[in-house]
Every structure is written in structure tokens, then in C-alpha cells.
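The block underneath contains the structure these notes are about, expressed in C-alpha cells.
Lettering of chains follows the sequences in order, A, B, ..., and the numbering in each one begins at 1. Every heavy atom of this structure was used, including side-chain atoms; hydrogens, water molecules and symmetry mates were not.
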Amino acid sequence: MDKDNGHILLNTGAFIHNAIRTDLEGRLCDLRTRFPPEPGGFLHIGNARAVYINFELAKIYGGKCNLRMDDTNPVKEEAEFVQAIQDEIRWLGYEWDGEVRFASDYFDIFYDCAVDLIKKGLAFVCDMSAEEIRASFGGIDKAGTESPYRNRSAEENLDLFERMKNGEFPDGSRTLRAKIDMASSNLNLRDPVIYRITRKTHSNTGDKWCIYPMYDYAHPLEDAIEGITHSLCNVEFEDHRPIYEWYVNRLDRFTVKPRQMEFASLAVTNTVMGKRHIRKLVAEGKIGGWDDPRLVTLSGMKRRGYPASAIREFLGATGVAKAQSTADFGLLEHYVREHLKPMSKVVMAVLEPLKVIIENLPEGVTETLDVPYNTDDPSAGSRAVPFTREIYIERDDFMEVPEKKFFRLAPGKEVRLKGAYIVLCTGVEKDAEGNITAVRCTYDPATKSGAARTPQGDSGMQTDGAETRKVKGVLHWVSAEAALPIAAHLYDTLVLDAPETETGWVENPNSMVVMENALAEPSLANATPDDRFQFMRQGYFCLDEKKASQGGKPVYNRTVGLKSSYKPPAP
RNA sequence: UGGGCUGUCGCCAAGCGGUAAGGCACAGGACUUUGACUCCUGCAUCCGAAGGUUCAAAUCCUUCCAGCUCAGCCA
């Protein structure tokens, strides 16, 4: 049942596997990876790929994976994210080794290492402003110019750096820089900044520090401190590997040298993942928030009803490579359906109700039918469904003048009501404007569902007696008097066609359609957000975990629709 | 324009010198009390392009082309 044990990952990312196997043989130490988010936002499916890769790799090779908050730059209100990120990773199905770690816990070590670099003549305090540094940087095809402060003595640098730490200089007035090569074709090597002065209160260290380390400097040290053997990151950091190695190799205190490897980040069609894009959509009121079910944030996908196992399999299926790729949203949906199928109860709900009157069933009579939750899986059990004179069917399931190959209800035609009887349409009721207000039918009592079903079910559903009629159409329905009013939220992709681009995207105006008058069968009265349902012929739904409709009705999110090969005939 | 990386079916993706796996999508068909599921069948004489090496190349070499990426005191 659990088909994603990481074996999928073994079928991809050969370059990583090869590197790990080779490294593991020589070093006599266990694999240790890490997932190092900056606690400044919620995780989305792109981040989830990094989570997946790091944790699954550790699992495959019997190693460990750390969770580290990369909080080298003080940001406000990160406590919320620190907790959310942990919840999201656990929901995805992973547990990190030991406690959550914080880069800020290593600030003292970072400082000591910087002192080491200064003593070795590998770092210097630079008095240039940000603008001046930028101006001296040169260009993509032009060497930069060296800082006039580059050749200060170690003693002077030590003194200045300590005073930087002690708060003697204003924000941005000085930096500590690595002394590498201002002419390097790799821009990251042009005397990169190691420390900047910025008086911001850090959520973890408070006001202890007024100097904070840069990512390029801190990250390799964090990895080395934690004994990370393989530091997996996005290809955009490929250019940073030389600087990563430069620091790691110049600091003697680290015996295990972590190795950075890169993989391409994951893009998905028809959605937006960028932090600022999402923020914009929220600000404009286009979506409800970071956990909007239309978003591919982990909280959004959870709320929408995506099983974590489906996301994991999707992540495995899209592979680990260095080539930039954009996965079809449809592939994600495929795995969501596949995982939802065995865990869902098939129930009936009518999204857009049309009344049907069963003429030959007296008023006040309720027949209680026992309908299996899953025709394909008897072990799923069954529930009671009331059948009454007035019921509702889907408006789309009736056509007064049926088109070709319309297998549903139309005057003079027969259909089966799922779990009940075959009904024959005898007429239509209309209002003054000619709108159809109700459909009249008669039911055939001899066609009761499963009346003589064989125990093995080898011949499927049989009817008793001589009734052997088969009808092509099987409709879902709900009893008018027992129906539960619900609101159904139908989602579509946020973006039409193209994936997120620099220039923007085409929003889908119908990314959410609210069916305010939907009706569900009474068995849903005790549903919880953890339940998974398939609304027969409509798709997979789950009870929204935080929302109730205006009228106080429960809100059901359509996780994903069912596939359909039904094509209306061309006009 | 300098550096780095990448280019196998519409989308992912195996393949690593021996004659193009698989999944999604798509198109037919079977089955069906979900037009779902399931099950068959089809879907790259070709691996960005052009040369070359070899008995043999997507895999090696050369050149070219295209895409992504880098000039925060962000991560």
C-alpha cells in the first residue's frame, strides 16, 4: 500500500547516488544530510523536493538528516515559521535527527573562525560602503578593483573586527571580507563579504550581536559543525561551491569536510510559488492566505486534501537531475487520485440540484437502502441511504432534448439511481419562464440494487427475478428530505497555461467555484476533516479544516476531480 | 559579452560504447450499478545540430546552436 519508500528516488539522481556511494566508501563515516530552511515563509512543493531528497537519501543510505533553521539574517516574527516548518515536515512524513538546530546557535563559532581567517591573512576589515563595494566589483566580463583596505595588518584587522562586534561602528560602515580574488571570473570569489554590521534584534540571540554572517560564509561552517557529509542544494548555488570549499578547506578545526552537491529546483505548471507573488495574491484578495487550497504550499495542499504520500511519490517521480524541468500539474493530480482512491469512501452529493419526483413512490415513505462505500472493495463497508419520493440529481444529468450518446436522464429514457432502482423519465415541470424546475419519473421496484447479489460478486450486481435490464447511465442522487446542505468549493489551477515567469502569468478567473446549494447524503453528518470522500462522479472531497460557509454550512473542498472521457458531441 | 550548468517523445525521466526502460498526457478498444477504476493496444529508426573516431555512439572527440544561472552588506 505504501508504495513510496524511497525506492523511487533510487531510480533517479544517479549523479548523487554515485557521489554518495563513492564518498561513503572512503570516509568511514555515515551519511548525514540536512534540510536548512530560512524561517521566513511557509514551505511549498518546491521546498518539499529538498525535504524529500535530503530525508530520503538519509533513509536509503542509513544516514541521518538534520533540520536546521538558517537564521543568519535576523527577520521579524520567525517563531511562527519555525513552528510551521516543523509541522509541515512532519506532515510530509519525515522526522529529523535530534533537536531542531539553529544557525544562530553557532554565532560564537562563526566569530572564532573569522578571527582564524584574519590571523591567516585571509580576511580583512573593509571600510567601503555598500555602494563603493558594488562599484569596485567590476562586471561580468570585467575584473573588479581591490579594496584600498585589503592589505591591513592582521593586528589592525583583529582590532577593527572586535570593535565591529562591540558595536563601535554604525550599520553598514564596515564589513569583514574574505581575501580571495577580485579578478575571478566567478563573481562569488571577488572578496566576498563575511560579516556585515546591522543592528537588528535576532529572534534567537536578541541584541547580543550587531554583526551577522553572510550565507556563503555561514552555510559551509554550519554543515561542518553538524558533521554534514553531503550538502544538497539548488543548482543556483553551483557558482557558490568554490566559495563553500574555500571556507571549509581553510578552517582547520573541521575534520569532516562537507561536500556540496546541486540539483535542479522543481517548477510546476499552472501555479505560482514565489513568495512575493503569493503575497501579492493575498494582498489583492485573490486567494485567502498561505494555506489557500489552490496554492501548492504544504499547508494549502494539506487543506485541499492532498495525501502526503501522494506528494512524496510525485516528488520521487519528478526525479533528481540537474536539468531545469517543469512538471505538469496533471502529474501531481494523477498521484493524488491514485493515493486517494483506496482511502476514500464513495458517497453521493449533488452539486447543482435538480428535483426529481418519483411518481409511483408515495409521500412519506422512506426506504432505507444499504449502499456499499466502494463497489470495488467490499471491506470498505456500507452505509444507509434513504430513498424517498422527492430526490435531487445533478442538473447536468438531465437534458430535455438529449444530445447524441447522452447516457443520463431525458424524457422517455431510463437510468439507474446508484444503489437504488432504475427510473424512467415521464415528464418535466417548468416555471413561467420555461426553466425546468423538476423532472418526473417512475421507478421500477423490480430493479432494486444488489437484491440478489452473489456472495462472491462474481457476476457483479444482479437483480432478482426476471429483471435483467441494463441501463447505460448510473446517476448519483440524494433524498430531498434527508439531504444535508453543504457548500462545495471546486478548484482549478491558479494560473492558465504557462508556469510562473518573470513577466507574470495569466490568472485563471475560475480557480475557485463555490457551489453554495450543494446537497450531500445524510451519512456525511459526522464527517471530520481527516475523512476522505469521493463524491460519486464528481471527484474527491474533504471537509475544510477551518472554514464554514456564510450560511454555516460545512465547506467541502474538491481535492481533485475525476478523470472523464466524456466528450459532448461537437455542435 | 566572461564564468558555471543543462539539452533523450507534448511533460517528467532511465540509459554511461552494443543497437532508445518507465510514468503522465494523448488516441483506439474491452470491462463497468462511478462516462471513474482496471485491463489491452498504439505513441522517439531516434537522443539540440553538424562533422569525426569505432565493426558498433544518445553514450567518446570537435565545432556550433539553444536554454538556465551569477555583479544583495538576502538565503
Side-chain angles (χ1 to χ4, degrees), chain A residues 8 11-12 14 18 36-38 40 70-73 75 126 128-131 133-134 137-144 171-177 184-190 192-198 211-212 214-216 218-219 233-242 262 264 266 269 314 317-335 337-338 341-342 346 348 371-372 374-376 405-408 415-420 422 447 449-450 453 460-461 463 470-476 534-539 561-567:
Chain A
I8 295 171
N11 294 328
T12 184
N18 293 339
E38 179 185 25
D70 207 357
D71 58 352
T72 52
N73 189 25
V75 289
C126 181
M128 292 200 285
S129 68
E131 298 69 45
I133 288 184
R134 202 172 303 128
F137 215 80
I140 211 159
D141 52 358
K142 190 172 72 205
D171 284 9
S173 60
R174 283 183 163 85
T175 56
L176 182 71
R177 294 223 263 162
S184 174
S185 56
N186 183 340
L187 272 20
N188 297 303
L189 263 22
R190 319 251 260 224
V193 170
I194 296 176
Y195 268 97
R196 74 274 207 178
I197 304 174
T198 167
I211 58 172
Y212 290 96
M214 299 291 289
Y215 166 88
D216 274 337
H219 207 85
C233 62
N234 287 343
V235 281
E236 59 178 295
F237 290 103
E238 211 151 23
D239 291 340
H240 297 242
R241 190 171 32 184
E262 310 83 11
L266 172 68
T269 61
F314 167 75
T318 53
V320 183
K322 299 195 100 174
Q324 158 65 31
S325 65
T326 303
D328 268 349
F329 194 81
L331 186 63
L332 212 205
E333 293 192 314
H334 164 77
Y335 288 115
R337 283 192 199 95
E338 187 174 288
K341 175 93 168 38
V346 181
M348 296 193 283
V371 183
N374 188 338
T375 315
D376 303 329
K405 291 189 131 185
F406 187 72
F407 302 150
R408 286 110 98 152
V415 294
R416 173 171 288 283
L417 296 176
K418 171 71 179 181
I422 291 179
T447 58
S449 262
R453 202 185 318 168
M461 299 288 188
T463 55
K470 284 207 163 189
V471 288
K472 189 78 174 163
V474 178
L475 270 38
H476 58 282
Q534 183 197 124
F535 286 0
M536 183 184 158
R537 302 206 302 134
Q538 293 290 4
L562 258 25
K563 288 205 299 183
S564 171
S565 59
Y566 172 59
K567 293 177 215 66

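Within 3.5 Å, no donor on the side chain of Arg537(A) pairs with an acceptor on the base of U34(B), nor the reverse. Interface remark: the Gln534(A) side chain does form a donor-acceptor pair with the U34(B) base, using a distance-only criterion of under 3.5 Å.
The residue Ala264(A) sits apart from the nucleic acid: no heavy atom pair falls under 4.0 Å. Using a 4.0 Å heavy-atom cutoff across all strands shown, Phe329(A) reaches no nucleic acid atom at all. Here Lys405(A) lies in heavy-atom contact (under 4.0 Å) with a base. Among the atoms of the strands shown, none is found under 4.0 Å from any heavy atom of Gly40(A).
Rounding to the nearest 0.5 Å gives a distance of 15.0 Å between CZ of Arg416(A) and NZ of Lys472(A). Rounded to the nearest 0.5 angstrom, Tyr195(A) OH and Thr175(A) OG1 are separated by 13.0 Å. Going from atom CE of Met348(A) over to atom NE2 of His476(A) covers 9.0 Å, rounded to the nearest 0.5 Å. Put simply, NE2 on His240(A) and CG on Leu187(A) are 9.5 Å apart, with the number rounded to the nearest 0.5 Å. Interatomic distance, CG of Leu176(A) versus CE of Met214(A), reported as 11.5 Å (0.5 Å rounding). The line from OG of Ser173(A) to CE of Met128(A) is 13.5 Å long, rounded to the nearest 0.5 Å.
Syn is the conformation of G72(B), whose glycosidic angle sits no further than 90° from 0.
Aromatic rings of Phe329(A) and Phe314(A) (six-membered ring for Trp) have centroids beyond the 6.0 Å cut-off, not under it.
Nucleotides C55(B) and C40(B) are separated by 44 Å at their P atoms, to the nearest Å. Comparing the same atom, P, in G18(B) and in U32(B) gives a spacing of 47 Å after rounding to whole Å. As rounded to the nearest Å, G52(B) and A57(B) have C1' atoms that lie 12 Å from one another. The C1' atoms of A75(B) and A36(B) are separated by 45 Å, rounded to the nearest whole Å. Comparing the same atom, C1', in G7(B) and in A44(B) gives a spacing of 16 Å after rounding to whole Å. Taking the C1' atoms as reference points, C74(B) lies 22 Å from C5(B), given to the whole Å. When the P atom is compared between G51(B) and C46(B), the two are found 14 Å apart, to the nearest whole Å. When the P atom is compared between A58(B) and A49(B), the two are found 11 Å apart, to the nearest whole Å.
Searching all strands for a Watson-Crick or G-U wobble partner of C60(B) with both distances below 3.5 Å returns G52(B). The nucleotide C47(B) finds no pairing partner, because no Watson-Crick or G-U wobble arrangement with both distances shorter than 3.5 Å includes it. Applying the Watson-Crick and G-U wobble criteria (two distances, each under 3.5 Å), A66(B) pairs with U6(B). The base-pairing partner of A27(B), taking Watson-Crick or G-U wobble contacts with both distances under 3.5 Å, is U41(B). Base pairing annotation: U32(B) forms no Watson-Crick or G-U wobble pair, as no partner gives both donor-acceptor distances under 3.5 Å.
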Chi angles and distances behind the side chain to side chain donor-acceptor pair (under 3.5 Å) call for Arg537(A), Ser564(A): CA-CA 9 Å; Arg537(A) 302 206 302 134; Ser564(A) 171; over 6 Å; no

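Contact annotation: His476(A) does not reach the phosphate of U34(B) (side-chain N/O to OP1 or OP2, under 4.0 Å). For Lys563(A) and C37(B), the shortest distance from a side-chain N or O to OP1 or OP2 is below 4.0 Å. Considering only side-chain N and O atoms, Ser325(A) lies under 4.0 angstrom from the phosphate OP1 or OP2 of A13(B). Side-chain nitrogen and oxygen atoms of Lys567(A) include none within less than 4.0 Å of the OP1 or OP2 phosphate oxygen of G35(B).
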Give every pair of a protein N or O atom and an N or O atom of nucleotides 73-75 of chain B that lie under 3.5 Å apart, one pair per line with the distance.
residue: C73(B); atom: N3; partner: Gly172(A); partner atom: O; Å: 3.1
residue: C73(B); atom: N4; partner: Met128(A); partner atom: O; Å: 2.7
residue: C73(B); atom: N4; partner: Ala130(A); partner atom: N; Å: 2.8
residue: C73(B); atom: N4; partner: Gly172(A); partner atom: O; Å: 2.9
residue: C74(B); atom: OP2; partner: Arg196(A); partner atom: NE; Å: 3.2
residue: C74(B); atom: OP2; partner: Arg196(A); partner atom: NH2; Å: 3.2
residue: C74(B); atom: O3'; partner: Arg196(A); partner atom: NH2; Å: 3.2
residue: C74(B); atom: O2'; partner: Asn73(A); partner atom: ND2; Å: 3.4
residue: A75(B); atom: OP1; partner: Thr72(A); partner atom: OG1; Å: 2.9
residue: A75(B); atom: OP1; partner: Arg196(A); partner atom: NH1; Å: 3.3
residue: A75(B); atom: OP1; partner: Arg196(A); partner atom: NH2; Å: 3.0
residue: A75(B); atom: OP2; partner: Tyr215(A); partner atom: N; Å: 2.8
residue: A75(B); atom: O3'; partner: Asp70(A); partner atom: OD2; Å: 2.9

Below 3.5 Å is the cut-off: list the nitrogen or oxygen pairs between protein and nucleotides 2-4 of chain B, distance only.
residue: G2(B); atom: N3; partner: Ile140(A); partner atom: O; Å: 2.9
residue: G3(B); atom: N2; partner: Asp239(A); partner atom: OD1; Å: 3.1
residue: G3(B); atom: N2; partner: Asp239(A); partner atom: OD2; Å: 2.4

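With respect to Asp171(A) and Arg196(A), no salt bridge is recorded, no charged nitrogen being found less than 4.0 Å from a carboxylate O.
Exactly one of Val193(A), Asn188(A), Ile194(A) qualifies for a side chain to side chain contact (heavy atoms under 4.5 Å, CB included) with Asp216(A). That residue is Asn188(A).
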The contact string for nucleotides 16-22 of chain B, one letter per nucleotide 5' to 3', using protein heavy atoms under 4.0 Å with B, S and - for base, sugar-phosphate only and none, comes out as B------

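Mapping Asp328(A) and Asn374(A) onto RNA chain B by nearest heavy atom places Asp328(A) closer to the 5' end of the strand. Take the nearest nucleotide of RNA chain B for Phe535(A) and for Ala327(A): the residue whose nucleotide is more 5' is Ala327(A).
Here the P atom of nucleotide C11(B) and the OH atom of Tyr335(A) are 17 Å apart, to the nearest Å.
Picking from U32(B), U34(B), U33(B) the nucleotide with the shortest atom distance to the side chain of Arg416(A) gives U33(B). When distances run from any side-chain atom of Lys322(A) to the nucleotides C5(B), C12(B), G35(B), the shortest one goes to C5(B).
In this structure, Ala327(A) and Thr318(A) approach most closely via the heavy-atom pair CB-CG2, 3.7 Å.
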